[in-house]
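Residue numbering restarts at 1 for every chain, and letters A, B, ... go by the order of the sequence lines.
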Amino acid sequence: MPELPEVRTVCRYLNKAVKNKKIKNIYINLPKIIKNIDHNKFKEIVKGKKILKIFNVGKWIVFDIDNDYKILVHLRLEGKFRNILKGQNPKHDHIIFNFEDKTNLYFNDSRQFGTFHLLKGDYLNQKPLSLLGKEAQNTDVNWLHQKLSKKRIPIKTSLLDQKILVGLGNIYVNEVLWIEKIEPETPSNQITIKQLKKILKTSYEIMEKSYKLGGSTIDSYVALNSKEGLFQNFLNVHTKKDLPCSRCKEKILKKWVGGRGTYYCFKCQK
DNA sequence: CAGCGTGTTGAGGA
DNA sequence: TTCCTCAACACGCT
């Protein structure tokens with residue numbers, strides 16, 4: 001499910017669904033999801049706290065709860081929140097919040113890759129958030145250029161690295177490189193400042209567009225319960241193998257770059 | 001039945 | 001030490 005626009009969308013609807021609710025109980029069906037603290041301790045601390053607000057830092061979802069504590073959730077590939085029972089596979093409901101008003105919030109993850117952390121105090125300067133890079137619109141192009149100047153790995157791999165930029169995932173990186181006509185395997189240190197400037201701008205624009213699209217085409221029920229409608233419609237290369245490039249009509253190719261499926265137009269992207 | 005995947009980490013090699 | 005690659009995580013879908 002999640003790249004930055006999806007995570008932001010989930011946060012928006014989580015605020016609608018559970019903000020200001022008091023956690024009466026929490027059920028942890030799969031303890032290994034809780035990463036940095038014993039799950040019984042986690043439960044003990046979280047129980048009775050009120051959810052003040054929910055926001056994102058990169059692809060991490062931050063639940064701000066009473067007394068300086070933050071719950072960090074990463075959805076990874078399949079994690080999702082639901083506030084209803086309908087349509088779920090209860091087998092994959094690993095964490096269940098039960099609120100004082102008798103409503104529930106379910107964390108469901110069929111692949112069990114998603115993670116929870118509980119942090120106290122200065123959460124931005126603790127792992128895992130302390131490791132993160134910057135969002136595209138806050139990134140100084142000279143800083144980025146310097147950062148990439150010693151890297152020979154493919155530009156696509158660098159753009160996916162959350163220690164450099166946060167938010168881009170495989171889908172949007174494929175799209176950004178297609179828009180900017182950059183070959184995905186170009187060594188990072190060969191990308192010019194001018195190109196980096198455009199990469200940052202395009203990354204920001206594509207994620208804004210996706211966020212707004214997500215916001216306008218789904219309601220809260222869907223946002224919390226499905227990944228429908230977020231991606232489709234405006235993708236140019238991702239999953240378009242063998243289809244004609246919408247710019248030059250050449251066949252879109254697929255290859256592996258850094259272990260990830262990479263779609264590109266060999267004619268446009270040099 | 002085999003291959004693939006929207007994300008990240010850690011082991012191990014160079 | 002730093003850089004880089006790749007397997008692993010676990011399951012559903014094609």
Side-chain angles (χ1 to χ4, degrees), chain A residues 1-10 29-36 56-61 72-81 87-95 107-117 126-133 146-178 184-190 203 206-207 210-211 213-214 218 223 225-242 253-263:
Chain A
M1 172 172 210
E3 297 199 28
L4 195 59
E6 292 73 37
V7 172
R8 288 176 63 201
T9 302
V10 169
N29 298 325
L30 190 64
K32 71 163 188 177
I33 298 272
I34 317 280
K35 292 299 176 183
N36 70 332
N56 74 294
V57 177
K59 296 180 196 173
W60 294 85
I61 297 168
L72 266 48
V73 180
H74 200 297
L75 304 175
R76 296 290 188 98
L77 280 86
E78 294 283 343
K80 45 188 81 75
F81 282 103
Q88 73 181 328
N89 185 345
K91 183 177 154 193
H92 302 304
D93 285 337
H94 305 314
I95 313 273
F107 177 73
N108 181 285
D109 185 354
S110 64
R111 287 173 76 174
Q112 306 179 16
F113 288 174
T115 61
F116 276 56
H117 287 72
Q126 301 171 42
K127 276 206 245 181
L129 300 188
S130 59
L131 301 174
L132 294 179
Q146 170 66 25
K147 192 100 178 160
L148 298 182
S149 64
K150 291 185 201 97
K151 288 188 179 293
R152 278 162 295 179
I153 57 170
I155 183 61
K156 185 189 179 219
T157 306
S158 290
L159 294 176
L160 283 172
D161 184 349
Q162 304 295 302
K163 293 192 287 299
I164 300 175
L165 291 183
V166 299
L168 283 177
N170 202 35
I171 295 176
Y172 296 136
V173 169
N174 282 328
E175 295 298 314
V176 167
L177 292 176
W178 179 85
E185 284 188 287
T186 309
S188 302
N189 57 5
Q190 287 180 22
S203 299
I206 202 171
M207 287 194 282
S210 173
Y211 177 60
L213 198 108
I218 55 178
N225 295 292
S226 144
K227 57 182 172 183
E228 297 292 316
L230 287 175
F231 295 150
Q232 293 92 331
N233 303 331
F234 70 98
L235 296 180
N236 284 298
V237 278
H238 191 81
T239 70
K240 305 295 184 187
K241 184 174 182 290
D242 292 336
L253 303 181
K254 182 185 183 186
K255 65 179 174 181
W256 295 100
V257 178
R260 308 300 303 279
T262 301
Y263 300 84

Below the 4.0 Å mark, does [N] have OP1 or OP2 next to a side-chain nitrogen or oxygen of [X]?
X	N	value
A:Arg111	C:dG12	no
A:Gln112	C:dC11	yes
A:His74	B:dT8	yes

Using the six-membered ring for Trp and the full ring for Phe, Tyr or His, decide whether A:Phe113 stacks on the six-membered base ring of C:dC9 (centres under 5.5 Å, planes under 30°).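 Stacked: ring centres under 5.5 Å, planes under 30°.
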Please state how far atom [atom1] in [X] lies from atom [atom2] in [N], giving the value in whole angstrom units.
X	N	atom1	atom2	value
A:Asp161	C:dC3	CG	C1'	12 Å
A:His94	C:dA10	NE2	P	11 Å
A:His117	B:dG7	NE2	C1'	14 Å
A:His238	B:dG5	NE2	P	8 Å
A:Asn174	B:dG7	CG	P	10 Å
A:Asp109	C:dC11	CG	C1'	10 Å
A:Lys241	B:dG3	NZ	P	15 Å
A:Ile164	C:dT2	CD1	C1'	14 Å

Would you indicate whether the side-chain heavy atoms of A:Lys151 and A:Ile164 approach each other to under 4.5 Å?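 Result yes, sub-4.5 Å side-chain heavy-atom pair found.
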Which nucleotide, [options], lies nearest any side-chain atom of [X]?
X	options	answer
A:Lys91	B:dG7, C:dC9, C:dG12	C:dG12
A:Arg260	C:dC9, B:dG7, B:dG5	B:dG7
A:Lys32	B:dG7, C:dC9, C:dG12	C:dC9

Charged N to carboxylate O under 4.0 angstrom, A:Arg76 versus A:Glu78?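 Answer for the salt bridge query: no.
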Could you work out, with ring pair (Phe, Tyr, Trp, His ring centres under 6.0 Å) as the rule, every residue matching A:His94, not counting sequence neighbours?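 Scan of A:His94 (ring pair (Phe, Tyr, Trp, His ring centres under 6.0 Å), adjacent residues dropped) gives none.
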Looking at residues at least two apart in the chain, or sitting in another chain, which of them share a ring pair (Phe, Tyr, Trp, His ring centres under 6.0 Å) with A:Phe113?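 Per chain and number, A:Phe113 pairs via ring pair (Phe, Tyr, Trp, His ring centres under 6.0 Å) with no residue.
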Closest heavy-atom pair and its distance - A:Met207, A:Pro5: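 Here A:Met207 and A:Pro5 meet closest at O-CG, 3.5 Å.
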Shortest non-hydrogen contact between A:Val166 and A:Gly133, atoms and distance: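 Where A:Val166 meets A:Gly133 most closely, the heavy atoms are CG1-O, 3.5 Å.
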Among residues at least two apart in sequence or on other chains, which ones pass salt bridge (charged side-chain N to carboxylate O under 4.0 Å, His left out) with A:Lys255?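 A:Lys255 satisfies salt bridge (charged side-chain N to carboxylate O under 4.0 Å, His left out) with A:Glu183, A:Glu185 once adjacent residues are dropped.
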How would you label the contact of A:Lys35 with the nucleic acid (heavy atoms, under 4.0 Å): base, sugar-phosphate, or nothing?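 Here A:Lys35 touches no strand at all.
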Under 4.0 Å, counting only non-hydrogen atoms across every strand here, what does A:Lys254 touch: a base, just sugar-phosphate, or nothing?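 The residue A:Lys254 makes sugar-phosphate contact but no base contact.
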Do other residues, nucleotides or ligands put more than 12 heavy atoms under 6.0 Å from A:Lys35 NZ?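 Correct, the count exceeds 12.
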Treating [X] as the side-chain partner and [Y] as the backbone partner, does any N or O pair qualify as donor plus acceptor under 3.5 Å?
X	Y	value
A:Glu175	A:Ile206	no
A:Gln162	A:Leu160	yes
A:Asn56	A:Leu4	no

Determine, for nucleotides 9-14 of chain B in 5'-to-3' order, which nucleotides have protein heavy atoms under 4.0 Å from the base (write B), from only the sugar-phosphate (write S), or from neither (write -). ------
Does the pair A:His238 and A:Asn174 meet the rule for a side chain to side chain donor-acceptor pair (under 3.5 Å), with working shown? CA-CA 6 Å; A:His238 191 81; A:Asn174 282 328; 3.0 Å; yes
Are any protein N/O atoms closer than 3.5 Å to N/O atoms in nucleotides 4-6 of chain C? If there are, list each pair with its distance.
| from | atom 1 | to | atom 2 | distance (Å) |
| --- | --- | --- | --- | --- |
| C:dC4 | OP1 | A:Arg152 | N | 2.7 |
| C:dC4 | OP1 | A:Ile153 | N | 3.4 |

Using both pair distances under 3.5 Å as the test, note the stems of at least 3 consecutive Watson-Crick or G-U pairs that include DNA chain C.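 Paired runs of 3+ in DNA chain C: B:2-5 with C:11-14, B:7-14 with C:2-9.
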